[in-house]
**Student:** 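The structure that follows is given in the form of structure tokens.
Read the numbers this way: they start at 1 and go in the same order the structure lists the ligands and their atoms. Quick note: numbers below take in every heavy atom, side chains included, and nothing from hydrogens, waters or symmetry partners. Residues: numbered from 1 along the sequence shown.
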Amino acid sequence: MSTPQPPDRLNVTDAGTLGLLLSRRSGSAKAMTAPGPDAAQLELILTAATRVPDHGKLTPWRFVVFEGEARAAFGEKLAALFAAANPTAIPEIVELERRRFLRAPTIVAVISRALGNAKVPEWEQVLSAGAVCMNLLLATHAQGLTGSWLTEWPSYDERVRPLLGLAAHERVAGFVYLGTPAAPLEDRPRPPLETIVTRWTP
Ligand SMILES: Cc1cc2nc3c(=O)[nH]c(=O)nc-3n(C[C@H](O)[C@H](O)[C@H](O)COP(=O)(O)O)c2cc1C
């Protein structure tokens, strides 16, 4: 009689999962094109993104999705903020800001909503938001699409916060750009394990 498999292994082969992990890389937002995830794919991606460890079950993160015309509308607001802060900026640079959110068909802002006074250390809640971003990238890769986790200035600008509806304790963990790579993805060197792994000894 064969050994019963735990349910979570039924549809996942080690080769498939490791292949996914070992082949993932970012696609440059500048080299991203349509299509992005369709509605069903995006739902899967966001659902997968929520399957992260979360000490205390606090759900210390949420998503803001930018698609379609919302990207241009947000870009208009970014360009206005940028121009106000940089009055000598040439029009071409302001135009880049206007088009910032048009680089990809879909952008998901992952918002960390870690609370400093929770029973769980704030650091752990922030780490959980990082795991959400990573799952988002992996689920995107699994759909044959590509993703890029960026922060850039809009993540840190006080004037952008109300545009995203951020509460005082909320921060942008990342804007994850999702789309189709316009060209084959390049990889980058990965750190050799011997440079980052030590064995603890007493
Ligand atoms: C939290 C975080 C924020 C990042 N923000 C930026 C950014 O603003 N601009 C940028 O060029 N890369 C940024 N990166 C790096 C990109 O995601 C980078 O392309 C990626 O790390 C490439 O590695 P990969 O191919 O293993 O994904 C950020 C990475 C992380 C983890």
**Student:** Which bit of R190 is near ligand 1, meaning a heavy atom under 4.0 Å away: side chain, backbone, both or neither?
**Tutor:**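 It is the side chain that gets close, since no backbone atom is under 4.0 Å.
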**Student:** Out of all atoms in ligand 1, which are within 4.0 Å of some heavy atom of L150? Include the element for each.
**Tutor:**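 Checking each atom against L150, I get 5 (N), 6 (C), 7 (C), 9 (N), 10 (C), 12 (N), 13 (C).
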**Student:** Which residue owns the protein heavy atom closest to atom 25 (O) of ligand 1, what's the atom, and how far is it?
**Tutor:** S26 N, 2.8 Å
**Student:** With a 4.0 Å cut-off, would you call R99 and E92 a salt bridge?
**Tutor:**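 Here R99 does not pair with E92 in a salt bridge, since their nearest N and O are not under 4.0 Å apart.
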**Student:** Between E122 and R171, is the closest basic N to carboxylate O distance under 4.0 Å?
**Tutor:**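 E122 and R171: salt-bridged.
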**Student:** Looking only at protein heavy atoms, identify the closest one to atom 28 (C) of ligand 1 and say how far it is in Å.
**Tutor:**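 Here the closest protein heavy atom is W149 O, 3.2 Å.
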**Student:** Return yes or no for this condition: an N or O of R24 is under 3.5 Å from an N or O of ligand 1.
**Tutor:**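 Among all N and O atoms of R24, at least one is under 3.5 Å from an N or O of ligand 1.
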**Student:** Have a look at E152, R25, R188 and point out the one with the heavy atom closest to atom 23 (O) of ligand 1.
**Tutor:**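 Nearest heavy atom to atom 23 (O) of ligand 1 lies in R188.
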**Student:** Side-chain donor-acceptor pair under 3.5 Å between S23 and H141, yes or no?
**Tutor:**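 Side-chain D/A pair, S23 to H141: present.
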**Student:** Go through the side-chain N and O atoms of S128 and W61 and say whether any donor and acceptor fall under 3.5 Å apart.
**Tutor:** yes
**Student:** Does the distance from a Lys or Arg side-chain N to an Asp or Glu carboxylate O, for E170 and R161, drop under 4.0 Å?
**Tutor:**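 No, no charged N to carboxylate O under 4.0 Å.
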